[in-house]
Q: 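I am attaching a structure below and will ask some questions about it afterwards.
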Protein chains: 2
Amino acid sequence: MPASPDRDCAMFQRIEPVPAYRTVCDAIEKQIMTGRLGAGDPLPTETELAEQFGLARHTVREGLRILEESGLVGREAGRRLFVKAPHYSDLAPRASRALVMQRVTFEELWEVSMSLEPSAAARAAARIDAEQIAQLEENYRHMEEERAAGRSIIALDVEFHTLVAEIAANKALLLAREPISQLFYPALAKLFAHPLNCETGPRRLAQAHRRIIDALKAHDAGQAELWMRRHMVDFRRGYELCSFNLKDAIAFEGA
Amino acid sequence: MPASPDRDCAMFQRIEPVPAYRTVCDAIEKQIMTGRLGAGDPLPTETELAEQFGLARHTVREGLRILEESGLVGREAGRRLFVKAPHYSDLAPRASRALVMQRVTFEELWEVSMSLEPSAAARAAARIDAEQIAQLEENYRHMEEERAAGRSIIALDVEFHTLVAEIAANKALLLAREPISQLFYPALAKLFAHPLNCETGPRRLAQAHRRIIDALKAHDAGQAELWMRRHMVDFRRGYELCSFNLKDAIAFEGA
DNA sequence: CATGTTGATTTGTTGGACAATGGAACATTT
DNA sequence: AAATGTTCCATTGTCCAACAAATCAACATG
């Protein structure tokens, strides 16, 4: 083995001290992941945990804050903490912010969406039911209403795509696409603020949604995928038409 | 508007009390997202923060734990906290665990990977450089070594795919695929534990990697995508061959 | 120049305390 | 009887004061 990197010679790995609050967090997490604590179970009270761990309540609390943030525990109507399965909506905001901080570009987001959205539509076509069709129609109706009133349809567009993904019923897909989907909000805002697009943009967008819904209703996976793809391509073209740079970082959308 | 849902009539939204530690977290997060605190900047000390916020140090600490967990701040060689841009490797473990708890199936993971991995390979082919080729070759060499020695190549397989994704240099893609990629670890372990696959599985896997690397070296996006797709299909077929149920939940991989 | 020593700074942890909130059980009002 | 007020207890949110342990920098020592 020639040119073996010298780090192979490093005999010892970096050793970092583990604060007690992290151990608390890990211990509880382990109980959850191994199923000894299941979703819906209430956590012991802070004082009980402190006793069991032999630590001060403050220390335990810091561990709980971490667990809470990672979505493994949450409050269900009241103060008490309950174990829960983290929902994609818990994790998406952090991921979105991470992407913004990494100065992700429109092009990067678009590329991934180009991979995920059409296949999501195809999958949705195969398993959509009446109630879900109604949801999509309601979204469409609402969008036309807002559009006629000259109000923003951005939130409704993001919702439409999330609805399609939920109909596709793939938990990994939902988790993967949501952070990206959220970031189209500022991108669309920028797009529709441009005089070239403030009128035609929303109209074309609604038309595409119409086509997609129709394909889904007909359980036509091919058409659904096709129209979703066209919809995405159209989005990108609009961006270029306004001579926005695809490689600019996505702007931060404040709370 | 017929059949307006009665929740539209609810005059007031749910109002939930915001504990001070969350306000702390939000305040600091805002400073980061608006750029007043940039990556690499040190945070004020806990006592300073406590003074500025007019809160007790421990309350501030709970807020810091949340920020730390979400990856916006971290320790860089020492105790002091620094602002940083969250890396996908910070967020992936949480997401993976979320998927496990939601009882994600092999089929779901596979479907998303089937959308992401081939296009990642195609994109990687367009921009791979000499050093990156060397990394892939090193990974391949190492894999053959381990395979010959009868040791597990699973970690190296996961690493291979992450390498390809990093070469594709799409930050959104990296973030989206990593949690899923991590979950193939237990799936592969299960697969290679089966007598039908413990020999042929790793061999076919290494062969596919060989083809992919060659395509990448030739900057042939089409071939890279094609072989990656075949590689994924092969993976699934192996799973079916062992008569594993594609709809079984992925097992938890303990620390 | 590598290795102690010292001291100031900062984080990790503890203890005890109290206010505020939620929930349940019960009393009161209409 | 249904809605509203009262009481009490368990639990969480917050504070104050303090100490142990680790880090860093400067300096002293061999």
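Keep in mind that this is a model prediction, so the values were computed, not measured. Residue numbers begin at 1 in each chain, while the letters A, B, ... track the order of the sequences.
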Q: Counting only distance, no hydrogens or angles, is the base of D/dT14 paired donor-acceptor with the side chain of B/R57 under 3.5 Å?
A: no
Q: Can you confirm whether more than 12 heavy atoms, excluding those of A/R103, are under 6.0 Å from its CZ atom?
A: no
Q: Taking any heavy-atom pair under 4.0 Å as a contact, classify A/L81: base, sugar-phosphate, or nothing.
A: nothing
Q: I'd like to know if A/E145 pairs up with A/R141 as an ion pair, taking the criterion as any Lys NZ or Arg NE/NH1/NH2 lying under 4.0 Å from an Asp or Glu carboxylate oxygen.
A: yes
Q: Would you mind reading off the distance between B/F82 atom CZ and D/dT23 atom P, rounded to a whole angstrom?
A: 14 Å
Q: From C/dT13, D/dT12, D/dT14, pick the nucleotide closest to the side chain of A/R75?
A: D/dT12
Q: Please determine, for the side chain of A/A56, which listed nucleotide (D/dT12, C/dT14, C/dG12) has the closest atom?
A: C/dT14
Q: Going by the side-chain contact (heavy atoms from CB on, under 4.5 Å) test, name the single residue among B/L72, B/L49, B/L81, B/V83 that passes it with B/I28.
A: B/L49
Q: With nearest nucleotides of DNA chain D determined for B/T59 and A/L43 from heavy-atom distances, which residue corresponds to the more 5′ nucleotide?
A: A/L43
Q: How close or far is atom C1' of C/dT11 from atom CD of B/E62, stated in whole angstroms?
A: 16 Å
Q: What verdict does the side chain to side chain donor-acceptor pair (under 3.5 Å) test give for A/E166 and A/Y88, after you've listed the backbone C-alpha separation in whole Å, the side-chain angles of each residue and the deciding distance to 0.1 Å?
A: CA-CA 11 Å; A/E166 276 183 348; A/Y88 69 87; 2.5 Å; yes
Q: What is the nucleic acid contact for A/R65, judged by heavy atoms within less than 4.0 Å: base, sugar-phosphate only, or nothing?
A: sugar-phosphate
Q: Taking only side-chain N and O atoms of A/R79, does any of them lie within less than 4.0 angstrom of OP1 or OP2 on D/dT11?
A: no
Q: Counting only side-chain N and O atoms of A/R80, is one of them less than 4.0 Å from OP1 or OP2 of D/dG13?
A: no
Q: Taking 4.0 Å as the cut-off, does a side-chain nitrogen or oxygen of A/T47 come that near to OP1 or OP2 on D/dT11?
A: no
Q: Below the 4.0 Å mark, does C/dG12 have OP1 or OP2 next to a side-chain nitrogen or oxygen of A/Y21?
A: yes
Q: Are the aromatic rings of B/H209 and B/Y140 close, with centres under 6.0 Å apart?
A: no
Q: Relative to the 5' end of DNA chain D, which residue comes earlier, A/P17 or A/E48, by the nucleotide with the nearest heavy atom?
A: A/E48
Q: Select base, sugar-phosphate, or nothing to describe what A/H58 touches, counting heavy atoms under 4.0 Å on all strands.
A: base
